[in-house]
Structure formats: structure tokens, C-alpha cells
Undergrad: 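First the structure, which I've put down as C-alpha cells, then a few questions once you've had a look.
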Amino acid sequence: MSDIKTNDKMEKIVSLCKRRGFIFQSSEIYGGINGFWDYGPLGAELKRNLKEYWWKSLTQARDDVAGLEASIIMHPKIWEASGHTSTFTDLMVDCLLTNKRYRADQIEPQSGLVFKFSGAKNGATGEFYAEPYSVLVPKGKPPEHGRKIACRFYQQRGVDGPQPEELPPPEPVENSTRYNPENGSLLTEPRQFNLMLKTYVGPVESPENVAYLRPETAQAIFVQFKNVLEVSRQKVPFGICQIGKAFRNEINPRNFTFRSREFEQMELEFFIRPDEVIEKHAEAVAKMSDNPDLSSPQPNWGWEVWHKYWVEQRLKWYENIGLSRDTLEEYWQKKEELAHYAKATVDILYKFPFGTQELEGIAARGDFDLVQHQRFSGKSMEYFDEEAKAKYVPHVIEPSAGVDRMILAVICNAYQEEQVPDEKGNLEMRVVMKFHPRIAPVKVAVFPLLKNRPELVNKAREVRDLLRSHMTVFYDEGGAIGRRYRRQDEAGTPFGVTIDFDTLGEKPELKDTVTLRDRDSMLQIRLKITELLPHLLEKIR
Ligand code: GAP
């Protein structure tokens, strides 16, 4: 693989995503809308495959997890109980010159001279407009810059030909985050900004009709805990999982789809016994310091072991979709970084081309959420544990992943540029998306060698129809076979089947065989059409 520079790589990935129909900008013909994205034909398949694999791994491959699909808009009290109304905020600042909004913690500290102004005289009327303002002029920039910016500021406030009144002398500052690094203008004081998107339910836009688009899928699981428990006949420890849309009015959506305003989450809330109950029932609570075997859950596991168990389960899951351990990092949040509800949180990070960033968080949430909903709704969230003969509010371990970040990670991981020989033996560059066959949008492409030979075309269509009800198949008869292979390499299709004259019996011993090309090695094997389906099913499972 050629060494692609980081920024170049991201640019190439974004361009390929559009060109091949993985991801488009939302509302593109109207100039787009920041923080919103659409998945094209290949992206939609990829997303579907990832979600389905996650869902199957949790619900079908285990006995102790049940699924849920809840509404996006829920009772607004839920967000009071969860703390989102009061604490789901970012500190933000606005530029007084451009009105652009920034997250306060993302302002680069700057040093230089601050020029202060008490206001400005209107050059046309002589009136004085009194609004204090200041500009930071970084080291190396001429002092006139401060005055120029101040003129623009007062002009915007309706002062004609402004003559700013300076309050000398300029004041030296070090590492200040009060000024906009883009133009030196003063910023507003940091203000809390709630990230939940608001709407009104019903015909009247009044405060009592305010509702929110959910900022996470988790809360629906907590509020439906009792219902699911009743109908699923599960016993603690057990989990409820959900896949669905979440919305956050992010101040700075960025890094392609990484931080979006509309995204999907895949969350599991896994309910466990509190350590005190285990202590009474099993006498000793297993902790990580006991070095427990994490391969099969035990009744004496305390929250610490369950937490680590889920971290390991999730890391293995990522490996199963083709993200090897060396592309991932486990980050244990420090005490001061933990959310108010968390006893411990591990972030699973992926090494994106733009930096190592969070894919999923696995939090030990204690009984915070169920207790809060019990308090706010007045409905008991207690569980009677027949085995332990105890009544308690279960504790929770929460693996919470973002689908869109995962898609971005598998796309970045799959993108490769390789020098390979063309049909004449000359080296050319191929772009190949090396998706794990399990999640690849299209599993197999079927090609008749020539499109103007009906016998080849008919046979190829027969093969396509044979495979089609078992996997996503792409049929392509246009252009030279080498070009067709390259198109599928870019789409990340792991297998290519070619129907040639030997398939038709030109060499009798090869009749009803096809060539099967492997995307990654580009090697071709010949196998019988009757062997094709089981062979492919084995590879894409
Ligand atoms: N219930 C816990 C929770 O929502 P979170 O860390 O805020 O925790 C979980 O979100 C996951 O959701 C993140 O690890 C990330 O993958 C995804 N996510 C969060 N905000 C996102 C955004 N603005 N755009 C895309 N994905 C996001």
C-alpha cells in the first residue's frame, strides 16, 4: 500500500464516498445543511449490514438480551429525570464581529496586544456611539489591524465612517481564549447552550407543548425497563438493546460524519445485581483484582467485572467487522472526566486519519437512571430477585456506539491504494475498499465475459439469480473485464464471478464452472456453479 498523507487520505475518502454513492451531503442541491448526511446506495447497504450484525450479535446470538424500538419523541419529563434538560450543555462563545459560534473549549489560546475602544464617533453626524469593544492583535501583526477590525465592528452597528475611540495603552496578554483566533475580535462571555433539539407537539406552540428529539436512545430503554422485563421473562442480569436515531444540536459539526447533528446509536443497557446483593447472596463479589475468566459470566460478578466483560465483548465485535486491535485504543476516563452518573467509563477509540477518536463509550451507570425515573414518574423500578430473595433497583452497564462513526471507521479502514499490473502488465494504481465480507455492501459481482454473446449473458443472469436471494449481488456487463473489476474494487465487493466460454463447455471438463476472483489477493480460482453458493455463504457469514 502506498503511504497516503493524513489530510490527503481524508479528502480522497470524502471524494470516493460521494463518487461511489456511500455518503452524500444532505440537501446538496440547496447548498447542504451543516451536520446532516445522506447515505447513498452503497452506504445504505453498508449501514444496514453493520446494524444487522450488531443486532444479531446481541439479540439472536445471546439469550440474555432483548430488543426494543421506541419512539424518537418521548415525554419531556424523561429529559428532566435523566438530567439532559439541565446538564446536556456545551459552553459556547460568539464572535462579536461575525456572530459565528464556537465551543469555548475549542478556542486556541493566543498571545499579543489587546487594543481597547470605548466606542466610536459617527464620521457623518459626529454622534458618539458608546459600546466598548476590544481586539487582540497577535505578535507579528501591525497595530493598525486592531483599528481596522474595530471600524468594521462599529460600522456593523450602524455607525457611518466610524472613528473608534481608543483607550491606550494596549495591554499585553498571554494565552487568552477571549478573542477569536480567526480575526482577533472579542468573543462573548461563555454561555451554556443546550444541545437538545426542541419541537412542539400539537397545534399550539406553547411552553407546555415543548418536546425534544431524543439526544440518545438509552432513556427509552430505562423507561420501558419494567414492560420489557414482564414480557420477555428475562431475569437480572439481562440487557435491552436498541438501534435508532438521535439528535444533538452540535455547535461545531465536523470531520465529515464524525460529529453530526442527526446520527444513529446502537445502545445496550445491561442490568446487573448491585454488589451489595451479590455480597449477601454469593458471599464474595468477584472483582477485577481476582483475575476472573471473562469468557463466561458468573453469578458472583460485581459491576467491575461486568464492565470489563463488556469492554472485551465490544473489542472482539469490532475485530469481527474488520477493525483489528492495533487500529483501536481503550481509554479509561479519569475520575474528573466521568459523567455525573458514571462509576467508570471506557471509550473505544479508532485511529481515524484526523486523529484517534471515540467510537463507543462503555459506562458503568450504577442505578442512576432507574432511580431518577422512579423519582420523577412515581413508578417503582424495583426488581424482585427470586434467587437472591432481594428487592432492588438494578445497576447498569452501557455499551453505547454510534453507527455513523462506525461507518466512517470501516470506510477509513477499508480505503487502500495499491500499485498493481494492468492487463498489459503495466503498473497502475487501484483504489480498493477492503471491507470485511460480512459487512461489505455488495457481496459478489457477476460478469459475463462479453455482453454481445447471449449465451454468456444468459448464463451470467442464471448465476446472478441463483445467488440473489441469499446475498447482495451486482450484475455488470459493461466495459472491459479489468475495468469492471476495478469498479467493484472501489465499491468494496469482495468477490467477482466471471462467466466465460469454458463455463459454456468450450473445454468440456470445465463446463458449468466459473472463475471466482478475490478482491484483496486478486487471485482467481475455478469452481463449479453448484459449489458457488455454499462457498460464498461460508465467506460472508
Ligand atoms: N447513552 C450514552 C451516550 O449517548 P455518548 O458518548 O454521548 O453516550 C455514544 O454517545 C456514542 O454515540 C458515541 O460514542 C458516538 O459514537 C455516538 N455519537 C455521539 N454524538 C455524536 C455525534 N454528534 N455524531 C455522531 N455520533 C455521535
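Counting starts at 1 for both ligands and their atoms, in listed order. FYI, the numbering just counts along the sequence from 1.
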Undergrad: Going by the order shown, which atoms of ligand 1 are within less than 4.0 Å of some heavy atom of Glu216?
TA: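 Reading through ligand 1 atom by atom, the close ones are 1 (N), 2 (C), 3 (C), 4 (O).
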Undergrad: Can the positive tip of Arg314 be found less than 6.0 Å from the middle of the six-membered ring of Tyr318, inside 45° of the ring normal?
TA: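 Yes, a cation-pi geometry holds between Arg314 and Tyr318.
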Undergrad: Among protein heavy atoms, which lies nearest atom 17 (C) of ligand 1, and at what distance?
TA: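 The closest heavy atom on the protein side is Gly402 CA, 3.7 Å.
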Undergrad: Which of the numbered atoms in ligand 1 are under 4.0 angstrom from any heavy atom belonging to Ala218?
TA: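 Answer, ordered by atom number: 1 (N).
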Undergrad: In terms of heavy-atom contacts, does CG of Asp63 have more than 12 from other residues, nucleotides or ligands at under 6.0 Å?
TA: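 Not more than 12 within 6.0 Å, no.
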Undergrad: With atoms numbered from 1 as shown, which atoms in ligand 1 lie under 4.0 angstrom from a non-hydrogen atom of Glu360?
TA: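 Matching atoms, with element in brackets: 14 (O).
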Undergrad: Among Glu358, Arg405, Glu250, Gln265, which one puts a heavy atom closest to atom 23 (N) of ligand 1?
TA: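 The residue whose heavy atom sits nearest atom 23 (N) of ligand 1 is Glu250.
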Undergrad: With a 4.0 Å cut-off on heavy atoms, does Leu359 reach ligand 1?
TA: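 Judged by the 4.0 Å heavy-atom criterion, Leu359 does count as contacting ligand 1.
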Undergrad: If you have a sec, work out which protein heavy atom is nearest atom 18 (N) of ligand 1 and how many Å separate them, to one decimal?
TA: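 In this structure, atom 18 (N) of ligand 1 has Phe263 CE1, 3.5 Å as its nearest protein heavy atom.
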Undergrad: Which atoms of ligand 1 have any heavy atom of Glu398 under 4.0 Å away?
TA: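 Going through ligand 1 atom by atom, the ones under 4.0 Å from Glu398 are 1 (N), 2 (C).
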Undergrad: Could you tell me, atom by atom, which parts of ligand 1 come under 4.0 Å of a heavy atom of Phe258?
TA: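 With Phe258 as reference, the close atoms of ligand 1 come out as 24 (N), 25 (C), 26 (N).
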Undergrad: Checking side-chain polar atoms at under 3.5 Å, does Tyr309 have a donor or acceptor matched by the opposite partner on Glu304?
TA: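 Tyr309 vs Glu304: no donor-acceptor pair found between side chains.
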Undergrad: Distance to 0.1 Å, residue and atom name: give those for the protein heavy atom nearest to atom 9 (C) of ligand 1.
TA: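 Going atom by atom, the protein heavy atom closest to atom 9 (C) of ligand 1 ends up being Ser400 OG, 3.0 Å.
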Undergrad: Taking only heavy atoms of Ser260 into account, list the atoms of ligand 1 that are under 4.0 Å away from them.
TA: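 It comes down to these atoms of ligand 1: 22 (C), 23 (N), 24 (N), 25 (C).
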Undergrad: Is there a polar contact, in the sense of an N or O pair closer than 3.5 Å, between Ala401 and ligand 1?
TA: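 Not met; the criterion fails.
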Undergrad: Less than 3.5 Å apart, which donor and acceptor atoms pair up between the side chains of residues 31-43 and the rest of the protein, not counting sequence neighbours?
TA:
| residue | atom | partner | partner atom | Å |
| --- | --- | --- | --- | --- |
| Trp37 | NE1 | Phe256 | O | 3.4 |
| Tyr39 | OH | Asp404 | OD2 | 2.7 |

Undergrad: Of Leu536, Leu537, Thr493, Asn49, which meets side chain to side chain contact (heavy atoms under 4.5 Å, CB included) against Lys443?
TA: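 Exactly one candidate clears the test, Asn49.
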Undergrad: Any idea which protein heavy atom is nearest atom 19 (C) of ligand 1, and the distance to it?
TA: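 Protein heavy atom with the smallest distance to atom 19 (C) of ligand 1: Arg248 NH1, 3.5 Å.
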Undergrad: Give every donor-acceptor pair under 3.5 Å between a side-chain atom in residues 248-255 and any protein atom, sequence neighbours left out.
TA:
| residue | atom | partner | partner atom | Å |
| --- | --- | --- | --- | --- |
| Arg248 | NE | Pro215 | O | 2.9 |
| Arg248 | NH2 | Pro215 | O | 3.0 |
| Asn252 | ND2 | Gln106 | OE1 | 3.1 |

Undergrad: Could you tell me if Ser185 and Asn183 have a donor-acceptor pair between their side chains, going purely by distance under 3.5 Å?
TA: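 Judged by distance alone, the side chains do not pair up.
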Undergrad: Show the nearest heavy-atom pair for residues Tyr392 and Pro274, with the distance to one decimal.
TA: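 In terms of heavy atoms, the two residues are closest at CD1-CD, 3.3 Å.
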Undergrad: List every atom of ligand 1 that sits less than 4.0 Å from any heavy atom of Arg365, numbering the atoms from 1 in the order shown and giving each element.
TA: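 Heavy-atom distances to Arg365 below 4.0 Å select 1 (N), 2 (C).
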Undergrad: Using a distance-only test with no angle check, is there a side-chain donor-acceptor pair under 3.5 angstrom linking Asp64 and Gln234?
TA: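 No, Gln234 and Asp64 have no side-chain donor paired with an acceptor closer than 3.5 Å.
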Undergrad: Would you say the side-chain atoms of Thr217 and Glu267 include a donor-acceptor pair closer than 3.5 Å?
TA: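 Glu267 and Thr217 do have a side-chain donor-acceptor pair below 3.5 Å.
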Undergrad: Is there any N or O on Glu267 that sits under 3.5 Å from an N or O of ligand 1?
TA: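 Yes; at least one N/O pair falls below 3.5 Å.
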